[in-house]
Novice: 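Below are the structure tokens for one structure; questions will follow.
Per chain, numbering begins at 1; letters A, B, ... match sequence-line order.
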Amino acid sequence: MNVFRLLGDISHLLAIIILLLKIWKTRSCAGISGRSQVLFAVVYTARYLDLFTSYISAYNSIMKLVFLAASYGTIYLMFIKFKASYDHNHDTFRIEFLILPCVLLSLLINHEFSPLEILWTFSIYLESVAILPQLFMVSKTGEAESITSHYLFALGSYRALYILNWIYRYYAESHYDVIAIVAGIVQTVLYCDFFYLYITKGIYGQ
Amino acid sequence: KRTKSTKDEL
């Protein structure tokens, strides 16, 4: 565990908490893409199935459980509790165009052709593009609420920090994972336009 | 094949 990895995890956790609190406090999920949230639930479920097969550390297990619980909690709030506020007219990104290529790619390019490894690979590929329905929704409606922007900034920063962690690990431990690195870079690049707007508006805006 | 040190990442 290095500082970049820890900051990345904190940023990820922060993003999820911001989203849950926003929905809970405003009793509304307006502006949030349910499709992205469903994709994230698929990502965590596929990746964290190893919770039952390989124990790493208490930190690792607890974080996995928190991400799973928060993700399903968000889905519950969006699709059941505050269903009336869900903005589905603007949430129209076709997620099969993301899921099917990721399934195919994970079957073709993986570290080992075994069920859990393929699920892990699939989750890495899908995570890299899972935010697209949300970014599409923001561009469609013109602007995101500031709290939604903070959520997106924290969520985008998480993978960017992981890239720094991989650079560090490459030099310090001679360790690298090509699949995670390439997907992580794709994921971070997708946020670049948003990062630019967030930072310039944050500094010069109002 | 992924090692335990890779599996540590979330």
Novice: Are more than 12 heavy atoms from other residues, nucleotides or ligands located less than 6.0 Å from atom OH of A:Tyr168?
Specialist: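 Counting other residues, nucleotides and ligands, OH of A:Tyr168 stays at 12 neighbours or fewer.
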
Novice: Relative to chain B, which segment of A:Asn110 carries a heavy atom at a distance below 4.5 Å: side chain, backbone, both, or neither?
Specialist: neither

Novice: If you count the non-hydrogen atoms of other residues, nucleotides and ligands that lie under 6.0 Å from OH in A:Tyr176, is the total more than 12?
Specialist: no

Novice: What's the separation between atom NZ in B:Lys7 and atom CG in A:Leu116, rounded to the nearest 0.5 Å?
Specialist: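 One gets 7.5 Å once the value is rounded to the nearest 0.5 Å.
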
Novice: Is A:Asn60 close to chain B through its backbone or its side chain, or both, or neither, when contacts mean heavy atoms under 4.5 Å?
Specialist: both

Novice: Would you sort out whether B:Leu10 and A:Arg5 count as a side chain to side chain contact (heavy atoms under 4.5 Å, CB included), showing the intermediate values?
Specialist: CA-CA 9 Å; B:Leu10 291 161; A:Arg5 170 63 212 289; 3.8 Å; yes

Novice: Quick one: of A:Met63, A:His111, A:Glu117, who has the most non-hydrogen atom pairs under 4.5 Å with chain B?
Specialist: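 Among A:Met63, A:His111, A:Glu117, the one with the most close pairs to chain B is A:Glu117.
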
Novice: How many angstroms lie between NE2 in A:His175 and CG in B:Asp8, if you round to the nearest 0.5 Å?
Specialist: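 It comes to 9.0 Å.
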
Novice: Could you tell me which portion of A:Tyr55 (side chain, backbone, both or neither) has an atom closer than 4.5 angstrom to a non-hydrogen atom of chain B?
Specialist: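 A:Tyr55 touches chain B through backbone heavy atoms alone.
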
Novice: So for A:Phe67, is it side chain, backbone, both, or neither that comes closer than 4.5 Å to the heavy atoms of chain B?
Specialist: side chain

Novice: For atom NZ of A:Lys140, decide whether the heavy atoms of other residues, nucleotides or ligands shown that lie under 6.0 angstrom number more than 12.
Specialist: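 Buried by this count: over 12 neighbours within 6.0 Å.
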
Novice: Would you check if A:Asp177 and B:Glu9 make a side-chain contact, meaning some heavy-atom pair closer than 4.5 Å?
Specialist: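 Not touching, per the 4.5 Å side-chain cut-off.
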
Novice: Tell me which of these, A:Tyr44, A:Tyr162, A:Tyr48, has more heavy-atom pairs under 4.5 Å with chain B than the rest.
Specialist: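 That would be A:Tyr162.
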
